[in-house]
**Q** 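Shown below is the structure under consideration.
Predicted, not measured: the structure shown is a model, and the values here were computed from it.
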Amino acid sequence: MSLDLDNLELVYKKYYEISLQIKELIERKLYNELAAFISKKEMIFQEAQVLAEKIRKNNEDASRLAPLCQLIHNQEKENIKLLSAIREDIKQEMRKVNKNTKLIKAYSLSEKKQGNILDFKE
């Protein structure tokens with residue numbers, strides 16, 4: 001067992017924990033806090049890439065990390081599914097708002113232009 005492999009396992013565990021926290025934020029509808037966690041996840045990912053490259057160069061066997069990688073993969077798929085559902089909800093709301101805005105605009109432009117009895121100009 002190499003130190004790089006052990007460090008990569010720790011980094012993958014951190015990545016998995018961040019993915020779980022992101023799922024919690026999504027479920028609790030705390031979307032404003034997502035950006036900070038996503039940036040943390042990106043930094044951890046970059047760290048993992050460096051370690052993975054070292055392990056590849058040394059031709060070490062990293063197969064023991066496969067179950068952890070599968071957990072991360074499944075969690076990421078679930079997060080993507082949750083965010084995609086939210087995106088679809090937002091799209092539907094935007095369509096409703098756009099329709100209402102168009103109707104309001106159409107009716108506001110077509111005000112009846114009728115003269116008053118006392119209006120001698122017409």
**Q** Tell me whether V97 shares a hydrophobic cluster with I90, the cluster being built from Ile, Leu, Val, Met, Phe, Trp, Tyr side chains joined at under 4.5 Å.
**A** no
**Q** To the closest 0.5 Å, what do you measure between CD1 (I55) and CG (L65)?
**A**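 If I round to the nearest 0.5 Å, the distance is 6.5 Å.
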**Q** Output every pair passing salt bridge (charged side-chain N to carboxylate O under 4.0 Å, His left out) with a member in residues 42-55, not counting sequence neighbours, ordered by first then second residue.
**A**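 Every pair satisfying salt bridge (charged side-chain N to carboxylate O under 4.0 Å, His left out) with a residue in residues 42-55: E53-R56.
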**Q** Quick check on the hydrophobic clustering: are F45 and I80 connected, directly or via other members, by side-chain heavy-atom contacts under 4.5 Å?
**A**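 Shared cluster, no.
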**Q** Does any N or O in the side chain of N58 come within less than 3.5 Å of the main-chain N or O of E60, such that one atom is a donor and the other an acceptor?
**A** no
**Q** Pairs of donor and acceptor atoms involving the side chains of residues 8-34, under 3.5 Å and at least two apart or interchain, shall be tabulated with distances.
**A**
residue	atom	partner	partner atom	Å
E9	OE1	R64	NH1	2.8
S19	OG	Y15	O	3.2
S19	OG	E76	OE2	2.3
K23	NZ	E78	OE2	2.9

**Q** Let me check something: do I38 and M43 share a hydrophobic cluster, defined by ILVMFWY side-chain heavy atoms less than 4.5 Å apart, either directly or through other members?
**A** no
**Q** Looking only at the side chains, is there a donor atom on one of S2 and D4 sitting less than 3.5 Å from an acceptor on the other?
**A** no
